[in-house]
Every structure is written in C-alpha cells, then in structure tokens.
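The chains referred to below are lettered A, B, ... by the order of the sequence lines, with proteins before strands, and numbering in each begins at 1.
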There are 2 protein chains.
Amino acid sequence: MGVRAQQKEKTRRALVDAAFNQLSAERSFSSLSLREVAREAGIAPTSFYRHFKDMNELGLTMVDEGGLTLRQMMRKGRQRAEAGGSVIRISVDTFIEVLESNPNVFRILLHERSGTSAAFRAAVEREIEHFISELAHYTEAQANRTPDLARAQAEALVILVFNAGASALDLKRSERKALADQLVLQLRMVATGAEALQQKMDNRT
Amino acid sequence: MGVRAQQKEKTRRALVDAAFNQLSAERSFSSLSLREVAREAGIAPTSFYRHFKDMNELGLTMVDEGGLTLRQMMRKGRQRAEAGGSVIRISVDTFIEVLESNPNVFRILLHERSGTSAAFRAAVEREIEHFISELAHYTEAQANRTPDLARAQAEALVILVFNAGASALDLKRSERKALADQLVLQLRMVATGAEALQQKMDNRT
DNA sequence: TAAATTAGCGTACAAATGTACGCTCAACTT
DNA sequence: AAGTTGAGCGTACATTTGTACGCTAATTTA
C-alpha cells in the first residue's frame with residue numbers, strides 16, 4: 001500500500017476512534033456532530049467528506065466494526081469453556097468482561113437498536129442475529145433440539161444477556177456480581193424449560 | 001378550576017400531545033427541538049417555558065404518563081384473562097394490541113431506556129419495575145415461588161415481552177402473528193424452567 | 001373597582017451546524 | 001520530467017437552535 005493510501009487509512013481510523021471515544025453514558029452517536037468528530041480527530045470539518053458520505057455512513061461502519069469485535073471476543077471466551085465447566089457461567093463471565101473493556105462498542109449497538117434510522121436498526125439486528133444463529137446451531141447439535149425450538153431458545157438467551165448488559169453499564173462493579181448471578185439463573189430457566197418442552201414433544205410421538 | 005388554570009392545562013396538554021405526535025420510527029424524542037414542539041402545539045417558542053423548565057422535563061412527563069397508560073391497558077387486559085384461558089397467551093395478545101394502538105408511547109420508553117440521560121433511564125426503569133413487581137407478586141402467590149426465583153422469572157418475562165415489542169414495531173401485521181407465537185413459546189420456556197428449578201430446590205430440603 | 005398576576009407573544013442574539021467552493025501541494029502515474 | 005489526482009484546508013453562508021428581555025391583555029385577587 002502506497003504512502004498516500006496509508007495516510008488516508010490512518011485518518012479514517014482517527015475518525016472512527018474519535019467517534020467511539022466521544023460515546024459515553026451521556027453521549028449517544030446520534031448526538032455527535034460531524035464537526036465534533038472531525039475536531040476530535042484533528043482534521044477540518046470539510047475533510048470528513050473525503051472518508052464518509054455523512055455521519056450515517058460513519059455510524060454504520062462503527063456498528064459493523066463493533067459487532068465484529070464483540071463476536072471475536074465472545075468466540076475467544078467460548079474456547080475457555082471447552083476446557084470444562086458450565087457453559088452458561090463461563091459465557092456470562094466472558095460477556096461481562098467484554099462489556100467492561102468495550103463499553104462504548106456495546107453502547108452504540110444497544111442504543112441504535114432502538115434508534116431512529118432503519119439502516120442502523122437493521123445493522124444491529126444483523127449483528128445480534130449472528131449471535132443467535134451461532135448459539136442455535138450449537139444447541140441444536142448439543143441438545144438435540146428441534147430447529148425452531150433451538151431458535152426460540154437461542155433468541156431468548158441472547159436477549160436476556162443483552163439486556164443484562166444494558167443494566168450492567170449503569171452499575172458499579174460490586175453490583176454487577178449480583179446481576180451476573182441473576183442472569184445465570186434466568187439462562188438456566190430458559191435452558192431447563194426448553195429441555196422440558198422438548199421432552200414433552202418427543203414423548204408425544 | 002378557574003378559567004385561567006383551565007386554559008393553561010389545555011396548552012400544556014397540547015405540548016405533550018404535540019411531542020407524542022412527532023415521535024415515529026424516524027424521530028426520537030431527543031431529536032425533537034423545543035421550537036418544533038412549540039410550533040406543532042401552536043404556541044410561541046418562548047411560551048414553552050411557562051409549562052416546562054426545558055425539554056428534559058417534558059420528556060420525563062411523557063415517560064411517566066406513557067408508563068401509566070401502558071400499565072392501565074395491561075391491567076384491563078389481565079381482567080380478560082381471569083375469565084379463563086392461558087394467562088400467557090392472553091397477556092401477549094393484549095400487549096400486541098396495546099403496542100399497535102400506542103406505538104409512540106412504547107417508542108419513547110424503549111428508546112430512552114438506553115438513552116443519553118440518566119434521569120430518563122431511571123424513569124423508564126421505574127416503569128418497567130412496576131411491571132416486574134406486579135408480575136412477581138402474582139407468580140409468587142400463584143405458583144409458590146421463592147421470592148428471588150419469582151423475581152428472576154418475572155424479570156425475564158418482562159424483558160422478553162419488551163424486546164418482542166421492539167421488534168414488532170418494525171413488522172407488518174402478518175409477521176407479528178409469528179412473532180407473538182414465538183414469544184409465547186419463549187415465555188413458556190421460562191415458566192416451565194422456573195417451575196422445574198423450584199421443584200429441584202424444594203426436593204433438596 | 002383598583003391592583004397584581006401571569007400566559008403568551010415578538011424581537012433579538014449568540015452559538016453551532018452541515019456543506020458548497022476553490023485552493024494547495026505532496027503523492028502517484030505515464 | 002511533466003501531468004494528474006486527491007487529501008486536507010480555509011472561507012463563507014444559510015439554517016436552526018435555545019433563551020433573555022420586555023410588552024400586552026386578560027384573569028384573578030384584594
């Protein structure tokens with residue numbers, strides 16, 4: 001890659017990073033202005049357009065990138081689970097860690113999921129869908145579930161985890177422990193219930 | 001109430017209604033400006049201050065009012081359930097109806113739950129908490145649950161319902177049917193699972 | 001009836017925003 | 001070596017925003 005393209009990429013990164021850094025509990029993506037982001041990235045407002053058509057395009061990039069980051073981290077965590085122990089417990093702990101080290105990545109997904117732009121909502125759903133289908137396949141194979149039961153179960157699990165994540169963002173570290181415990185309990189409910197429903201269906205034939 | 005106070009109340013309502021009416025899939029509360037709301041309500045921008053300190057105060061009013069509306073409608077629906085039939089099924093159907101007739105009320109709760117203002121988030125949580133504790137008490141009495149198991153179960157149920165609501169907002173009427181069915185399945189999972197866990201605990205003593 | 005209160009208005013202003021336009025100059029192509 | 005490209009900049013402008021201030025006129029209070 002030429003010097004020129006390299007520099008361009010660097011600036012582009014600066015923009016994305018600047019936007020991520022400006023996110024916080026008090027600042028959502030949609031409240032960021034193009035000028036603010038450019039300022040933080042150290043370029044002139046008008047130079048922004050050399051990289052993105054508008055703020056929307058930046059945001060979608062962030063959603064995609066953020067989703068990827070999250071999935072990679074979760075996958076890494078799942079490897080730990082293969083060494084033995086409760087899958088649920090380990091997944092929850094991993095998730096909390098991911099959350100703590102990337103709060104802003106999680107924030108944008110969470111907020112834009114119920115956001116004002118259809119494109120954003122779709123992008124977030126797509127990311128969540130990745131989680132769900134990965135998990136559904138896992139359960140289908142592991143626990144011999146009917147596809148649609150596996151699907152419903154996986155979806156319920158993911159939703160519960162995401163929502164707990166949302167609450168966790170506002171909590172102190174000590175309170176998070178209790179939250180994680182309750183989440184584990186809820187996930188077990190779903191898993192146990194799914195198993196019971198599956199049994200009932202199997203016996204009926 | 002004097003003529004004067006009556007007129008004031010009327011204008012205040014006009015403001016709240018104007019704000020609710022401007023909400024849509026493409027327009028969140030935080031994207032509304034004070035001037036827009038005033039314009040829609042048919043008063044001068046500066047007159048806004050005769051009723052609310054700022055947009056934030058308006059928003060909090062809307063959250064409180066919206067939560068109240070939702071709870072009243074759900075309560076009315078629960079009466080239908082007492083006539084017999086699956087509590088879960090009837091509650092879900094009621095919820096979908098409520099959603100369809102008050103999409104904007106639901107939207108503001110949903111969006112501000114992950115919003116940018118701590119006050120808003122707290123207000124929404126408070127509303128959701130109402131739902132949860134009502135349901136937890138119901139379950140505790142009805143199904144002899146341990147308090148904390150009842151609590152975890154109720155929370156899981158409410159979260160699943162709310163999330164399905166969020167998805168439903170983006171769906172056509174025909175697709176909502178399938179969504180409702182899956183939701184019912186998920187709720188049954190939680191209920192069944194909670195029951196099984198309860199049994200296990202009981203047997204252990 | 002006289003005085004006090006106040007909802008609503010119009011004017012005004014500073015601040016911030018998105019973006020059009022044209023320039024520069026370093027990097028790349030031929 | 002000569003010519004082309006394009007990232008980044010500065011200037012400029014029309015819009016929109018929140019809100020300060022002071023007035024009016026109708027209602028309420030005394």
- Item | A/F48 and A/M55: CA distance, side-chain angles, deciding distance, side-chain contact (heavy atoms from CB on, under 4.5 Å) verdict | CA-CA 9 Å; A/F48 180 95; A/M55 282 294 284; 3.9 Å; yes
- Note on the structure: With sequence neighbours left out, the residues meeting side chain to side chain donor-acceptor pair (under 3.5 Å) with B/T69 are none
- What one-letter contact string describes nucleotides 12-22 of chain D from 5' to 3', where B marks a base within less than 4.0 Å of any protein heavy atom, S marks contact via sugar-phosphate atoms alone, and - marks no contact? -----SBBBB-
- Item | Heavy-atom protein contacts under 4.0 Å, nucleotides 25-30 of chain C, coded B base, S sugar-phosphate only, - none | -BBS--
- For residues 180-194 of chain A, which residue pairs qualify under salt bridge (Lys or Arg N to Asp or Glu O under 4.0 Å), counting only residues two or more places apart or in two chains? A/R89-A/D181, A/K177-A/D181
- Task: Just grab all the salt bridge (Lys or Arg N to Asp or Glu O under 4.0 Å) pairs involving residues 39-49 of chain B, residues at least two apart or on different chains.
- Result: none
- Message: Using the rule given for side-chain contact (heavy atoms from CB on, under 4.5 Å), can you reason through B/F20 versus B/M62, listing the C-alpha separation, both sets of side-chain angles and the distance that settles it, and then say yes or no?
- Response: CA-CA 8 Å; B/F20 266 122; B/M62 292 169 72; 3.7 Å; yes
- Item | Terminal axes of the helix from C/dT1-D/dA30 to C/dT30-D/dA1 (five pairs each): angle between them, nearest 10 degrees | 20°
- Item | Polar side-chain atom of A/S117 near backbone of A/F120 as donor-acceptor pair, under 3.5 Å | yes
- Task: Please confirm whether the backbone N or O of B/L171 pairs with a side-chain atom of B/R176, one donor and one acceptor, at under 3.5 Å?
- Result: yes
Does [X] have any salt bridge (Lys or Arg N to Asp or Glu O under 4.0 Å) partners at least two apart in sequence or in another chain, and if so, which?
X: B/E9; value: none
X: B/R113; value: B/E125
X: B/R27; value: B/E36
X: B/E129; value: B/R151

- Task: Could you tell me the separation between the CZ atom of A/F52 and the P atom of C/dG18, rounded to a whole number of Å?
- Result: 15 Å
- How many Å lie between CD1 on B/I43 and C1' on C/dC9, as a whole number? 10 Å
- Query: So which of residues 7-22 of chain B are in contact with DNA chain C, with a heavy-atom cut-off of under 4.0 Å?
  - Reply: B/Q7, B/K8, B/T11
- Is the distance from OP1 or OP2 of D/dC9 to the nearest side-chain N or O of A/S47 less than 4.0 Å? yes
- Can you list every pair that meets ring pair (Phe, Tyr, Trp, His ring centres under 6.0 Å) and has a residue in residues 77-109 of chain A, with sequence neighbours left out? A/F95-A/F106, A/F106-A/F162
- Please test A/I159 against A/I128 for side-chain contact (heavy atoms from CB on, under 4.5 Å), starting from the C-alpha separation and ending with a verdict. CA-CA 9 Å; A/I159 286 172; A/I128 293 184; over 6 Å; no
